[in-house]
Each structure stands twice: as C-alpha cells, then as structure tokens.
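Note: hydrogens, waters and symmetry copies are ignored here, and every other heavy atom, side chains too, is used. Both ligands and their constituent atoms are indexed starting at 1 by order of listing.
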Amino acid sequence: MTWDYGVFLEEAIKLLRSELADQEYTMWLSRLAYVSSTADKIIAGTPSGFYRDQIAQRYQKMLEAKLLELHGAPLGLEIQVSKVEATPVSENKAPAPDIIEAARPSPLPNDGPVIVETRQASSKGFVRHPQLNPDYVFENFVIGENNGFAANAAIAIAKNPGKAYNPCLIYGGVGLGKTHLLQSVGNYIHQEDPEKKIIYISMENFTNEFVQCIRENRMQSFKNKYRSVDVLLIDDIHFIQKMEGTQEELFFTFEALIHNQKQMIFSCDRPITEVKEISERLRSRFQRGFTVDLQPPSFEIRLAILKKKCDSWGISIPDDSLSMICNLITTNVRDLEAALTKLRAYSELVSKQITPEITKSLLKDSVANINQKNITLDAIIKIVAQYFNLTPFDMQNKKRNRALVYPRQIAMYIAREITEYSTTEIGHAFGGRDHSTVMHSCDRITDRLKTDATLEPTIKELIRSIRQDHTKS
Ligand code: ADP
Ligand code: MG
C-alpha cells in the first residue's frame with residue numbers, strides 16, 4: 001500500500017501562506033518540499049539542518065493543524081534535510097531572494113583578493129540551463145590563494161571546452177566550491193552556446209540512473225545520452241567507490257568523450273589516490289587528467305565572500321559583525337553562508353540592526369552544530385558497537401541475525417539524525433549497503449520509538465557519547 005499526501009501538504013502550505021507576510025513565506029515555507037508519505041504522516045524536505053530546525057520550530061504545529069483540517073484525521077509532518085532537489089510544493093511560489101539576485105549582474109568586489117574577469121551573460125539575459133543553478137557563475141565566485149588555481153583552470157575550460165585541461169578533476173573538502181565551479185563552467189558555456197549539450201549530474205544520481213536503466217532494459221538510451229554530450233560535469237565522484245557496474249560504464253563513457261574531444265570535469269572530496277575501491281583503469285584515467293584542488297579560505301577571503309554575498313542579497317551588515325562571523329566560522333564557505341543567512345533572517349524578521357553581540361549569540365548554536373557536523377560515520381559505528389558489545393566489523397558485515405540487525409539500525413538512525421551524510425553514504429559505511437536499506441532501518445527505529453519507551457533514552461545516551469567522543473578527538 002502506498003500513500004501520497006502531497007496535495008494535502010501543498011494545500012496546507014497555501015492556506016498558511018495566506019496568513020503570513022510574503023517575506024516570511026519566501027524565507028521559510030518556500031523551502032519546504034514534499035518528499036513522501038507513510039500511512040499517517042508526510043515527509044517533507046528542506047535544504048539544510050538550519051531550515052529544518054527553523055521551519056519545524058516556527059510552522060510545524062500550524063501546518064499540522066491545517067493538515068488535520070484538510071484531511072479530517074491527524075497527519076503528522078516530519079521535516080528532513082533532503083538532498084533530493086524536490087520541486088517546491090507550491091506552484092505560485094515566490095522566487096527565493098537569491099534567485100532574483102542571480103538574474104541581474106552582480107558587481108565585482110572592488111577590493112581585496114578577488115578579480116574575476118569573465119564576460120557576464122546576464123547583461124544580455126541569462127539563459128537558464130535546467131540542471132544548473134543560476135547563482136553558480138564565475139562572477140559570484142570569490143577567488144583567492146586557496147582556490148585560484150582551480151578557478152582559473154575552470155575559467156580557461158569554460159572559454160575553451162574540450163581543448164584546455166581535459167579531463168579536469170577538482171578536489172577539495174565539503175563546502176569549498178566544487179559544485180559552484182563545475183556549474184559555473186556549465187553556465188558559462190551554456191550562455192555562449194545554448195545548443196551545446198551539457199550534462200551536470202552528481203555521481204550518486206548517475207549511479208541511480210544507471211541502475212534504473214539496467215532494471216528497465218534501457219541501457220542503450222543511457223549510453224546514447226552520456227556519450228553524445230559536449231560537456232559532462234560529474235559532481236562528487238567519490239560516490240563511485242565499490243560500484244563496479246557504474247565504474248565500468250563511466251570508463252567507457254570517458255573513453256568515448258575523450259576520443260571526441262568533449263570536455264569532462266569531475267569533482268571529488270579527496271585526491272583520487274585516496275578514493276578506495278575504484279578500478280585501476282578508471283583511476284589511471286583520472287590521474288592522467290588535469291587535477292586542481294580547493295583549500296579552505298583564509299580570513300580575508302572569508303570576509304570578501306561575505307561582503308559579496310551581502311551585496312548580492314542587498315543587505316547591509318556592519319563590518320564588525322562580518323569579522324565576527326569570519327572568526328567564528330572557519331570551516332568552509334557553506335557554513336559561512338548559513339551563518340549569514342541566519343543573521344539576515346534575524347535582521348529581516350526582527351527589524352533590528354545586527355551588532356557583534358547579537359551575531360555571537362545567534363551563531364552560538366551554529367558553531368556547536370558545525371563542530372558536530374564533522375562527526376564521522378566510523379565514530380558512530382564504533383560507539384554503537386561498543387554499547388552493544390560488538391565490533392565495528394559486526395556492524396558492517398552482511399550477517400542478518402537479530403543481534404546484529406538491531407544495533408545496525410540504531411546506528412544508521414543516529415547517523416541520519418546527527419550528520420548530513422546521505423543514505424547512500426551511510427549505506428557505504430555500513431558494509432556497502434543500499435540506500436533503501438538505510439531508509440528502511442531508520443523507518444523501523446522511528447516505528448519502534450513509538451512503542452518502546454526505553455529506546456529513546458538509549459538513543460539519546462548514544463548520541464551523547466558520540467558527541468562526547470567527538471569533542472575529545
Ligand atoms: P562543495 O560542492 O565543494 O561542497 P559548493 O560549491 O556547494 O561546495 O559551495 C558551498 C556554498 O559556498 C555555495 O553556495 C557556493 O556558492 C559558496 N562558495 C563556495 N566557494 C565560494 C567562493 N570562493 N566564493 C563565493 N561563494 C563560494
Ligand atoms: Mg558539492
């Protein structure tokens with residue numbers, strides 16, 4: 001039996017929207033998208049943990065009340081961080097402010113480390129590519145020592161696809177601009193020549209599509225699609241570990257495209273030599289290409305990025321508060337942006353001028369969360385295994401006896417709760433399991449939490465130990 005309460009969520013959001021200020025809707029509810037349903041609840045996705053928490057805190061009860069009104073029986077709402085680019089529920093969604101911004105040319109920063117000299121297509125109207133985020137253009141990318149080599153290579157590729165640096169591999173940690181650069185190349189080429197066939201896809205989606213095509217006997221169309229592109233941009237290729245079939249397919253795609261001088265750019269969260277369980281022939285293809293890396297930004301670059309963001313969002317935040325953010329958030333650009341979004345939301349909703357004191361108190365939780373974000377799946381496996389008197393190996397092997405299945409499900413559930421890893425990544429860490437197994441495990445624990453009163457304290461205790469272990473290391 002399957003359920004689909006998507007229309008109820010859509011209606012509930014519409015009803016609530018009519019009671020809210022436009023700005024509030026744009027800021028929060030427009031970021032909520034329907035994901036799936038179970039018998040008695042709707043699962044909705046938001047782009048980040050920040051949105052999830054804020055939306056849950058502000059609107060969950062109101063939405064559930066509307067759902068009750070519409071459905072006639074209680075319907076729960078579970079808000080998750082969803083990597084799926086779900087289409088926003090409401091059709092007449094007002095464009096998010098950052099999308100409006102992208103439609104007009106953004107000024108180049110006038111001082112500091114940033115010089116981006118590319119012709120901006122937006123002056124003659126920006127042509128949207130369906131897979132590319134219009135915000136991800138070179139003009140919005142701040143270049144510094146940490147990323148200059150990669151950014152300049154990307155610009156050179158964009159100006160001369162298939163000729164310069166082919167294939168190119170960009171590697172670097174999370175939130176350092178890999179996706180931004182990949183998509184900037186795509187956007188640039190698309191503005192120059194909308195006829196060029198550009199595909200941007202994450203490795204995870206490439207794999208899913210591949211598997212689905214095999215299942216549905218559509219391999220020929222898969223091959224035709226990927227082997228006929230002019231530009232292939234594959235994001236996060238570290239997902240390919242262990243996927244033998246996908247590796248083989250990618251290898252042949254690679255050969256075909258190189259042969260025809262078609263441009264390929266890949267991104268990876270680590271150097272290719274550190275990607276394990278990838279076939280030698282594919283690794284050597286990547287190694288023969290051109291490789292550039294992205295490093296975390298220095299204080300000056302962080303500040304330049306924030307100033308540029310403020311400009312493009314049309315907001316003004318005093319310099320001392322911006323410096324405060326740069327001092328507090330040192331990890332990566334994504335965290336930096338999330339911090340700025342929080343300040344912006346505060347200043348818009350409360351209509352108060354931001355001060356360093358307010359900044360500090362608003363970011364207290366984010367800073368703690370960022371520290372938590374780096375919790376590894378291995379650490380979770382280790383602590384949960386210890387608790388149940390098992391070894392990490394027990395958690396990862398394929399045996400399915402009850403004594404192992406239950407701790408495994410708990411560990412997967414915790415991983416979903418306290419980290420940002422996708423179900424595919426979690427499945428990998430648990431001995432190469434499928435993402436649907438991870439989802440099923442989490443559902444089992446969610447169900448069990450309703451009937452087993454001892455489970456919640458156990459999970460809380462485990463999360464506490466994991467966090468404690470993390471802060472020690
Ligand atoms: P990754 O793919 O490496 O995890 P993203 O490309 O998604 O990182 O970058 C995270 C966020 O930070 C995006 O919103 C991106 O626009 C922004 N960003 C990253 N690097 C820069 C930069 N140098 N200048 C401006 N914005 C940046
Ligand atoms: Mg990315």
- Message: Is a donor from one side chain sitting under 3.5 angstrom from an acceptor on the other, for Glu209 and Tyr226?
- Response: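 Their side chains do contain a donor-acceptor pair, which is all the 3.5 Å distance test asks for.
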- What pairs meet the ring pair (Phe, Tyr, Trp, His ring centres under 6.0 Å) rule with one or both residues in residues 257-280, with sequence neighbours excluded?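 Residue pairs with at least one partner in residues 257-280: Phe254-Phe266, Phe266-Phe286.
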- Tell me, which pairs form a ring pair (Phe, Tyr, Trp, His ring centres under 6.0 Å) where one or both residues lie in residues 332-367, sequence neighbours left out?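 Output for this query is empty, none listed.
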- Query: Protein N/O/S atoms under 2.8 Å of the Mg ion (ligand 2)?
  - Reply: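 Atoms qualifying: Thr179 OG1.
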- Does NZ or CZ of Arg17 fall inside the cone over Tyr59's six-membered ring, less than 6.0 Å from its centre and within 45° of the axis?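 Output no; distance or angle outside limits.
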- Message: Cation-pi check for Phe430 against Arg408: NZ or CZ below 6.0 Å from the six-membered ring centre and within 45 degrees of the axis, yes or no?
- Response: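 No, a cation-pi geometry is absent between Arg408 and Phe430.
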Give a yes or no on whether the backbone of [Y] and the side-chain of [X] come within a donor-acceptor separation of less than 3.5 Å.
X: Gln396; Y: Gly431; answer: no
X: Gln247; Y: Ile240; answer: yes
X: Arg416; Y: Ile426; answer: no

- Message: Heavy-atom contacts with ligand 1 below 4.0 Å: which residues, ordered by chain and residue number?
- Response: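 Ligand 1 pocket, heavy atoms under 4.0 Å: Tyr136, Asn140, Phe141, Val142, Asn147, Gly173, Val174, Gly175, Leu176, Gly177, Lys178, Thr179, His180, Ile305, Val333, Arg334, Glu337.
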- Might you point out which heavy atoms bring Lys225 and Lys197 nearest each other, and give the distance in Å?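 Taking Lys225 first and Lys197 second, the nearest heavy atoms are O-NZ, 3.3 Å.
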